[in-house]
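Inspection log for the structure reproduced underneath, given as structure tokens.
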Amino acid sequence: MLQTTPASGPDPDPATAILQAAIPHAEGVSNEEFRAAMSRLAAGVVLVTARDVDAGPRGEDAGMTATAFVSVSLDPPLVMVSLRNGSRMDDLLCEQPLWGVSVLSQSQRHIAGRFAMKGRVSDRLLFEDIPYTRGEVSGALLVRGALATLECRTEQRVPAGDHTLVIARVLEVGLPSAEGGPLTYFRGRYRHLG
């Protein structure tokens, strides 16, 4: 639904102001209602990674757990990830067009949890005991034992509310493991199929 800005004019009366404050969105859907509804949509879990070449003499690797990751197109091969505006990964992918994705298996729940933490320690320490390879095309870290890995190049950034949709061309695909099922996220928890 299209949101409109009220016409300028006199301030609304106090009763109208209270009513407007009680409805957080013009459509009447609160953040809590929207979050609860979307938590009922099961999603796959990926680790998005990129190398910040400007961070020190050897650069620095960054990672972020994501569930808002989808295939967009087969020809050309495009994917999309949704990043919270102002997040470290959003800022990094604004500058660094090459990045990687590891599709996590159900046995890699600890990796998802580690990179989803708020206020976490440096990403360097988070990668320390995770087996990985470095992508030949992107330079991003790719988790060993992931169900699939993708190396991507950003094609387009689309502002969308408090997030940015990053659409990227897939440059390389790896299928390192066919063992186990996918890690999923449903009703605020990591789950596995079956």
Side-chain angles (χ1 to χ4, degrees), residues 1-7 12 14-50 62-74 76-94 99-120 123 126 143 146-150 152 154-170 180-194:
M1 181 179 277
L2 180 63
Q3 291 186 0
T4 59
T5 305
T16 304
I18 291 170
L19 180 60
Q20 288 175 343
I23 301 175
H25 300 287
E27 294 81 12
V29 176
S30 72
N31 290 348
E32 293 76 26
E33 289 170 320
F34 182 68
R35 190 174 288 121
M38 295 312 297
S39 77
R40 286 157 172 78
L41 175 64
V45 182
V46 301
L47 181 68
V48 177
T49 55
M64 179 197 87
T65 302
T67 56
F69 177 80
V70 296
S71 168
V72 174
S73 168
L74 183 60
L78 298 174
V79 293
M80 184 205 69
V81 66
S82 180
L83 304 174
R84 184 177 43 80
N85 292 339
S87 67
R88 178 161 188 224
M89 192 59 68
D90 179 43
D91 293 343
L92 179 54
L93 294 191
C94 193
W99 45 283
V101 174
S102 298
V103 179
L104 299 179
S105 73
Q106 61 192 20
S107 67
Q108 295 173 321
R109 177 185 205 155
H110 65 288
I111 296 172
R114 184 182 293 187
F115 285 91
M117 290 186 306
K118 291 185 172 143
R120 61 187 191 227
D123 285 6
L126 298 180
V143 178
L147 295 178
T149 59
L150 300 95
C152 307
T154 300
E155 299 272 315
Q156 187 176 5
R157 294 175 57 86
V158 180
D162 58 2
H163 279 62
T164 297
L165 308 178
V166 179
I167 300 169
R169 182 179 296 256
V170 177
L183 182 61
T184 60
Y185 194 72
F186 179 70
R187 290 193 174 191
R189 300 176 122 181
Y190 296 115
R191 318 251 182 176
H192 57 84
L193 297 179

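Count residues from 1 along the sequence.
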*For Pro77, the option from Val72, Val170, Leu150 that meets side chain to side chain contact (heavy atoms under 4.5 Å, CB included)*: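 Option passing the side chain to side chain contact (heavy atoms under 4.5 Å, CB included) with Pro77: Val170.
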*List the steps and the verdict of side chain to side chain contact (heavy atoms under 4.5 Å, CB included) for Thr65 and Tyr190.*
CA-CA 12 Å; Thr65 302; Tyr190 296 115; 3.7 Å; yes
Report yes if some heavy atom in the side chain of [X] is under 4.5 Å from a heavy atom in the side chain of [Y]; otherwise report no.
X: Thr67; Y: Met38; answer: no
X: Val158; Y: Met80; answer: no
X: Leu147; Y: Gln108; answer: no
X: Val79; Y: Val101; answer: no
X: Leu78; Y: Gln156; answer: no

Nearest heavy atoms of [X] and [Y], plus distance in Å:
X: Ala168; Y: Trp99; answer: CB-CZ2, 3.2 Å
X: Ala50; Y: Leu93; answer: CB-CD2, 3.8 Å
X: Leu183; Y: Ser105; answer: CB-O, 3.5 Å
X: Arg157; Y: Cys94; answer: NH1-N, 3.6 Å
X: Ala146; Y: Val103; answer: CB-O, 3.3 Å
X: Arg84; Y: Ser87; answer: O-OG, 2.9 Å

*asked:* Closer than 3.5 angstrom, by distance alone: can the side chain of Thr184 be matched with the main-chain N or O of Arg191 as a donor-acceptor pair?
replied: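 It does hold such a pair.
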*Hey, does the side chain of Asp162 reach the backbone of Asn85 with a donor-acceptor pair shorter than 3.5 angstrom?*
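Answer holds: no.
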*Give the intermediate values and the outcome of side chain to side chain contact (heavy atoms under 4.5 Å, CB included) for residues Met89 and Val81.*
CA-CA 11 Å; Met89 192 59 68; Val81 66; over 6 Å; no
*asked:* How long is the straight-line distance from CG of Leu126 back to CE of Met64, given to the nearest 0.5 Å?
replied: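 Output value for this atom pair is 14.0 Å.
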*With sequence neighbours excluded, what pairs up with Arg109 under the salt bridge (Lys or Arg N to Asp or Glu O under 4.0 Å) test?*
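For Arg109 there are no salt bridge (Lys or Arg N to Asp or Glu O under 4.0 Å) partners, ignoring immediate neighbours.
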*Sequence neighbours excluded, which residues qualify as salt bridge (Lys or Arg N to Asp or Glu O under 4.0 Å) partners of Glu33?*
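Glu33 satisfies salt bridge (Lys or Arg N to Asp or Glu O under 4.0 Å) with no other residue.
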*Any chance CZ of Phe186 has more than 12 other-residue heavy atoms, nucleotides or ligands included, within less than 6.0 Å?*
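Buried by this count: over 12 neighbours within 6.0 Å.
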*Starting from the C-alpha separation in whole Å, work towards a yes-or-no answer on side chain to side chain contact (heavy atoms under 4.5 Å, CB included) for Val143 and Thr149.*
CA-CA 8 Å; Val143 178; Thr149 59; 6.0 Å; no
_What verdict does the side chain to side chain contact (heavy atoms under 4.5 Å, CB included) test give for Leu47 and Arg114, after you've listed the backbone C-alpha separation in whole Å, the side-chain angles of each residue and the deciding distance to 0.1 Å?_
CA-CA 10 Å; Leu47 181 68; Arg114 184 182 293 187; over 6 Å; no
